[in-house]
**Q** 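Dropping the structure in here first, questions after.
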Amino acid sequence: MLRPGQVPGAGGRPGGPGRGAPGGPRRRKSGGRRRRNREELQPQGLPVYTPDNAPIPEGEIIIERGSTAKELGPKLNRSAADVVRFLLQQGEMITATQTLSDDMIELFAAEIGATVQLVNPGEAQEATLQQLLEVLDQEDEDEANLQPRPPVITVMGHVDHGKTLLLDRIRSANVVEGEAGGITQHIGAYQVERGGRMLTFIDTPGHEAFTSMRARGADVTDIVILVVAADDGVMPTTLEALAHARAAEVPIVVAINKIDRENADPNRVMQQLSEHGLVPEQWGGDTIIVEISALQSLGIDDLLDNVLLIAEVEDLRANPAGRAYGAVLEAHLDVGRGPVATVLVQRGTLKVGDPMVAGPAWGKVRALIDHTGRSVKIAGPSMPVQVLGLSEVAGAGDEFVVAPDDKTARRVGDTRGQYARIRGIAADASAISSGVKLEDIFEQIQKGEAATLNLVLKADVNGSLEALTDSLRKLERDEVKIAFVHRAVGGITENDVQLAATTGSTIIGFNVRPDRKARTLAELESVEIRTYEIIYQVIEDIQSAMIGLLEPEFEEVVTGEAEVREIFRVPRIGAIAGCYVLNGTITRGSKVRFLREGTIIWKGAVNSLKRFKDDAREVQAGFECGIGLSDFQDLKAGDIIETYSDREIPRV
């Protein structure tokens, strides 16, 4: 029945058509979608392109090999669907995220009339980085941008002539006692203040094995202090350091050290220096020579005053504005902090948060640590800092630069790393043959057969790894070659042992140790592992093996291994490690190595050993105990305490 005012077909609503009536409004279901046209989807202010009216980019477009349709389309003002549709018409079944061959990219470019240049991945970013460096060079040529900067002083000289002790006196921090054998193993950079001015010192290792590291030190330095012992005189490494300093074309100040010794003869040293072109000012020449005694702190003030005088004459300047650029002095893998690079800023200002690339390593600067161990926000010209946040261990001597953005840094670093791996694999693959063990090499040489010594090198820091590689390469002879199957920073792992077993290699560890699993696997696979702490011992051992002169040696036998579970602090005694003995026997008074992630961080002896509250002479595997170490308190849960003894092995 119709109510008053209601018309037929009105759906019960007075005066209006019903929902089903012709001309009535059609309501969409709840949650339904309305199709939007292309103009609505396009951001406002931008033209709407179709395959027919999109303009072709002018000039030559850089396209990376291996690009996908999704990456190629936008660079040519086309969509990924346009690329996929065209290639489908040519009989190529590809998706938007599938990599394209060079022919596919060139075919599509020719179809739309675009000119493209194909480059390897990362080359475009590398070119961008090089253009950035050219801009920085142009800015540095403008005198208005340059400001005074601290001089960078490199200390060079023969091994054990007192370079590190000299720096010790200058910066009042003892670093000599921590060096193995009193020989500096890594490059260190430090800043000191003198007369209101900052001085940056680089301490380079003196042993001839570190020639390349010393060369890098000379490349970044402004002034060289050549240390010569008054009793030893000019040595071969002294002349080598002198050659690097002259190649860098920097002023040289000679410090004749150890004048306090009875057999010191400074005049003889000056005569030797004169024979090599360093004529003292006292003799009418132009070389500043200062007599010092680092041990007794004599003449050091005079030395620094002369260095400051030369720095003023040189008028050293740099542009502190803009992106930072400099050199990596040293790099290593630190437990808990990851890859750490010690860099020297040469221009610009390095800041926390900057995207940087150093050789194959890249990343955003997470933290900057100065030479005193303090965290800083910025580092200007001539300032050495440790950088945290890189993707991997940088190469000592690599240049670093702050990239325009994270993407550029990542692509450049990854590409450099990929090319380096390809070159390394190709070089090593051509050299690796059926290798022989170190102890068997002389026997093979005696038979008149050409031998190849395959080595797996592991070291604590990158600089040591490089120096060790360079030194061992010099030992090659016609009848014996050395092939480096693998070189890396860090402890010796199971993977290293497996690789050595497959390639018949000997594992050389410099300042690192194998973990328990690696040691067990090495015994099972009969893989030879040799560990060292001083580089010339590695050289002498391998050289002796190559000429068949291996003397009876001492083998380190691991007698026990305990894991630190808890740390207890005892008044007047210090830290006691609550440990669980994993294997072997821990004996009071035995020699001990303290390992953290496979790296040796301390050596000494077991000072005290307890079971519950009672003193114990030894504790077997499977029991808990308390271990007190002599002169070591930096204990952390998870560390490994390894006891060992020396056993003589006669050579047969």
Side-chain angles (χ1 to χ4, degrees), residues 152 154 175 179 184-190 200 202-205 209-221 324-346 350 352 354-371 373 375-376 379 383-403 409-410 412-414 416-417 419-421 424 457-470 484 486-491 509-512 535 596-601:
V152 180
T154 300
V175 298
E179 299 286 359
T184 307
Q185 302 285 328
H186 315 134
I187 285 183
Y190 320 92
T200 300
I202 298 178
D203 177 22
T204 61
F210 291 90
T211 299
S212 57
M213 296 173 70
R214 228 179 8 256
R216 285 195 299 274
D219 289 339
V220 299
T221 194
Y325 167 86
V328 178
L329 297 178
E330 184 54 272
H332 66 280
L333 189 63
D334 186 85
V335 178
R337 298 194 300 175
V340 179
T342 301
V343 305
L344 179 70
V345 180
Q346 294 177 282
L350 184 62
V352 173
D354 281 346
M356 68 177 287
V357 57
W362 60 271
K364 182 173 289 187
V365 178
R366 192 172 73 243
L368 296 173
I369 311 296
D370 69 6
H371 69 282
S375 179
V376 295
M383 182 174 178
V385 287
Q386 285 188 331
V387 176
L388 277 63
L390 295 179
S391 60
E392 60 182 275
V393 178
D398 285 342
E399 295 178 343
F400 82 85
V401 64
V402 172
R410 181 177 66 252
V412 171
D414 289 346
R416 289 176 177 177
Y419 288 163
R421 285 190 294 271
L457 296 186
K458 299 299 291 287
D460 55 342
V461 294
N462 202 289
S464 299
L465 186 68
E466 181 184 293
L468 196 58
T469 302
D470 293 342
F484 298 100
H486 178 57
R487 293 171 291 164
V489 173
F510 183 72
N511 226 21
V512 295
I535 194 167
R596 187 167 293 165
E597 296 293 331
T599 300
I600 303 170
I601 62 174

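Bear in mind the structure is a predicted one, so any value in this text is a computation, not a measurement.
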**Q** How long is the gap from CG on Leu329 to CD1 on Ile202, to the nearest 0.5 Å?
**A**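 Answer for the CG-CD1 pair, Leu329 versus Ile202, is 5.0 Å.
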**Q** Identify the two heavy atoms, one from Glu399 and one from Tyr325, that lie closest to each other, and give their separation to 0.1 Å.
**A**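 Distance-wise, the nearest heavy atoms are OE2-OH, 2.9 Å.
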**Q** Under 3.5 Å, side chain of Ser391 to main-chain N/O of Trp362, donor-acceptor pair present?
**A**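 Yes: the side chain of Ser391 pairs with the backbone of Trp362.
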**Q** What's the shortest heavy-atom distance between Gln346 and Ala327, and which atoms?
**A**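 Minimum heavy-atom contact is OE1-N, 3.6 Å.
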**Q** Any donor-acceptor pair under 3.5 Å linking the side chain of Lys458 with the backbone of Ala488?
**A**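 Here the side-chain-to-backbone pair does not exist.
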**Q** Does the Thr221 side chain pair with the main chain of Val152, one donor and one acceptor, at a distance under 3.5 Å?
**A**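 Here the side-chain-to-backbone pair exists.
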**Q** Ignoring hydrogens, what is the shortest heavy-atom contact between Pro339 and Val393? Give both atom names and the distance.
**A**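 Minimum heavy-atom contact is CB-N, 3.9 Å.
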**Q** Side chain of Asn462, backbone of Ala394: donor and acceptor closer than 3.5 Å?
**A**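 A pair under 3.5 Å: yes.
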**Q** When rounded to the nearest 0.5 angstrom, what distance separates CG in Leu468 from CZ in Phe484?
**A**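 So the CG of Leu468 and the CZ of Phe484 are separated by 7.0 Å.
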**Q** Going by heavy atoms in the side chains, are Val401 and Val357 under 4.5 Å from each other?
**A**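 Side-chain contact under 4.5 Å: yes.
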**Q** Using a 4.5 Å cut-off on heavy atoms from C-beta on, say whether the side chain of Val387 contacts that of Leu350.
**A**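 Yes, close enough: below the 4.5 Å cut-off.
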**Q** First locate atom CZ of Phe510, then atom CG of Leu465, and finally report the distance between them rounded to the nearest 0.5 Å.
**A**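 Between Phe510 CZ and Leu465 CG, I get 10.5 Å after rounding to 0.5 Å.
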**Q** As an exercise, state the distance from OG1 of Thr342 to CD1 of Ile369, rounded to the nearest 0.5 Å.
**A**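 Output value for this atom pair is 10.5 Å.
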**Q** Would you say the side chain of Gln386 lies within less than 4.5 Å of the side chain of Glu330, judging by non-hydrogen atoms?
**A**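 Glu330 does not reach Gln386 side chain to side chain.
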**Q** Compare every heavy atom of Val328 with every heavy atom of Ala341, then report the nearest pair and how far apart it is.
**A**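 So the two residues come closest at CB-CG1, 4.3 Å.
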**Q** Which heavy atom of Asn511 sits nearest a heavy atom of Thr599, and at what distance?
**A**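 Closest heavy-atom pair between Asn511 and Thr599: O-CG2, 4.1 Å.
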**Q** Quick check: closest heavy atoms across Val512 and Gly490, and the distance to 0.1 Å?
**A**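 Where Val512 meets Gly490 most closely, the heavy atoms are CG1-O, 3.5 Å.
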**Q** How long is the gap from CG on Asp334 to CG on Leu388, to the nearest 0.5 Å?
**A**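 Between atom CG of Asp334 and atom CG of Leu388 there are 7.5 Å.
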**Q** So do the side chains of Pro384 and Val343 get within less than 4.5 Å of each other, counting heavy atoms only?
**A**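 They are not in contact (no side-chain heavy atoms under 4.5 Å apart), so the answer is no.
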